[in-house]
Amino acid sequence: MASSTRDRLISVAHDLFYKDGFHSVGLDRILADVGVTKTTFYNHFSSKEDLVLEALRKHDRWWRDTFMNILHQHGGDSPRAQLLAVPEVLNFAFNAGEYNGCIFINVAVEFPLKHDPVHMAAAEHKKSLEDIIRQLGAYAGADDAEQLAQEIAMILEGAYVTRHVTREEQTVETARRLVKSIVDRRIPEKCAEV
């Protein structure tokens, strides 16, 4: 079944934005790639910013589902084991295709004003992933689930940027050691619920 014009616009824009940047990809390029007119575009979106937000919402839904699936796949039903599996998310992100950084970090850099709706969407995404980690920490019996979530989230963010900038292959292994250290400190294995 063919996707709707709106879905095609979001999908093509998402891929172009991720590959070439949000500001450098013009509306005309997106329309040419999809094969629609500006009139058709404005039947679906009020502006390019509206399209950017929809592309981010699409990526947010996909990434949160992917994030949870990877943690469950590698950590099973144990919240502690799922936390230890967080670096597998990085492994997936770095090897699933052409890695061009974290789309949410990229957009936050291009839209740096904290009150900008696009920047706010990136911040909300980051907060939602931190909330997932915090909940897992609480379920696992962490001494401070909030601190654990902040620490692991910072490792994720640092790993995304490090891999993007340096292309260092050992980024995942470094993150794995750091996450294990945090989990072992905050959730001793003998105290964790299984």
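All of these numbers come straight from a predicted model, not from anything done at the bench.
Partners of H44 under the ring pair (Phe, Tyr, Trp, His ring centres under 6.0 Å) rule, at least two apart in sequence or in another chain, do not exist in this structure. For D116, the side chain to side chain contact (heavy atoms under 4.5 Å, CB included) partners two or more places apart in sequence, or in a different chain, are E49, F111, L113, V118, H119. A search for side-chain hydrogen bond (donor to acceptor under 3.5 Å, both in side chains) contacts involving E110 returns nothing, not counting sequence neighbours. Annotation: side-chain hydrogen bond (donor to acceptor under 3.5 Å, both in side chains) contacts of S128 (sequence neighbours excluded): none. Every ring pair (Phe, Tyr, Trp, His ring centres under 6.0 Å) that F45 has, sequence neighbours left out, goes to F41. With sequence neighbours excluded, the residues that form a side-chain hydrogen bond (donor to acceptor under 3.5 Å, both in side chains) with Q170 are E168. Take D65 and apply the side-chain hydrogen bond (donor to acceptor under 3.5 Å, both in side chains) test, not counting sequence neighbours, and it matches no residue. Scanning for ring pair (Phe, Tyr, Trp, His ring centres under 6.0 Å) contacts around Y99 gives F94, with sequence neighbours left out. Taking R176 as the reference, E88, E173 meet the salt bridge (Lys or Arg N to Asp or Glu O under 4.0 Å) condition, with sequence neighbours excluded. With sequence neighbours excluded, no residue forms a ring pair (Phe, Tyr, Trp, His ring centres under 6.0 Å) with F67.
Linking Ile, Leu, Val, Met, Phe, Trp and Tyr whenever their side-chain heavy atoms come within less than 4.5 Å leaves M120 and V109 in two separate clusters. In this structure, V183 is a member of the same hydrophobic cluster as I132, with clusters built from ILVMFWY side-chain heavy atoms closer than 4.5 Å. Linking ILVMFWY residues whenever their side-chain heavy atoms come closer than 4.5 Å, directly or via other members, leaves M154 and L136 in distinct clusters.
Here the CG-CG distance, from L9 to L31, works out to 6.5 Å after rounding to the nearest 0.5 Å. Atom CZ of R185 sits about 9.5 Å away from atom CG of D144, to the nearest 0.5 Å. Expressed to the nearest 0.5 Å, how far CD1 of I152 lies from CG of L129 amounts to 12.5 Å. Going from atom OG1 of T66 over to atom CG of L71 covers 10.5 Å, rounded to the nearest 0.5 Å.
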> Should L90 and R163 be marked as a side-chain contact (heavy atoms from CB on, under 4.5 Å) after you check the CA-CA gap, both sets of side-chain angles, and the distance that decides it?
Replying inline: CA-CA 9 Å; L90 297 168; R163 181 61 177 256; over 6 Å; no
> How far apart are the C-alpha atoms of T174 and T171, what are their side-chain angles, what is the distance that settles it, and do they pass the side chain to side chain donor-acceptor pair (under 3.5 Å) test?
Replying inline: CA-CA 5 Å; T174 302; T171 303; over 6 Å; no
> Are I187 and Y139 close enough, and set up right, to give a side-chain contact (heavy atoms from CB on, under 4.5 Å), and what steps lead you there?
Replying inline: CA-CA 10 Å; I187 312 165; Y139 294 146; over 6 Å; no
> Between I155 and E151, does a side-chain contact (heavy atoms from CB on, under 4.5 Å) hold up when you go through it step by step?
Replying inline: CA-CA 6 Å; I155 291 168; E151 292 167 0; 5.5 Å; no
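Using a 4.5 Å heavy-atom cutoff, the side chains of Y18 and E98 are not in contact. Residues I133 and L83 form a side-chain contact, since some pair of their non-hydrogen atoms from C-beta on lies under 4.5 Å apart. F92 places none of its side-chain heavy atoms less than 4.5 Å from the side chain of V172. No side-chain heavy atom of T166 sits under 4.5 Å from any side-chain heavy atom of V161. In this structure, the side chains of Y42 and L27 come closer than 4.5 Å at one or more pairs of heavy atoms. Counting heavy atoms from C-beta outward, K58 and S11 have side chains that approach closer than 4.5 Å. Looking at heavy atoms from C-beta onward, R134 lies out of side-chain contact with L148 at the 4.5 angstrom threshold. In this structure, V107 and F17 have side chains that are not in contact, with every pair of non-hydrogen atoms separated by 4.5 Å or more.
Side-chain N or O atoms of Q82 include one that pairs as donor or acceptor with a backbone N or O of G76 at under 3.5 Å. In this structure a side-chain-to-backbone donor-acceptor pair under 3.5 Å is present from K48 to V25. For the pair N100 (side chain) and N106 (backbone), a donor-acceptor distance under 3.5 Å is absent.
Listed here is the closest heavy atom pair of G75 and A81: O-CB, 3.2 Å. V179 and L84 make their closest contact through CG1-CA, 4.3 Å (heavy atoms, listed as atom of the first residue, atom of the second, distance). G137 approaches A145 most closely through the heavy-atom pair C-CB, 4.0 Å.
For residues 117-130, the salt bridge (Lys or Arg N to Asp or Glu O under 4.0 Å) pairs, not counting sequence neighbours, are K126-E157, K127-E130, K127-D131.
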Could you tabulate the donor-acceptor pairs under 3.5 Å formed by side-chain atoms of residues 50-57, not counting sequence neighbours?
unit_1: D50; atom_1: OD2; unit_2: S46; atom_2: N; d: 3.2
unit_1: E54; atom_1: OE2; unit_2: R57; atom_2: NH1; d: 2.5

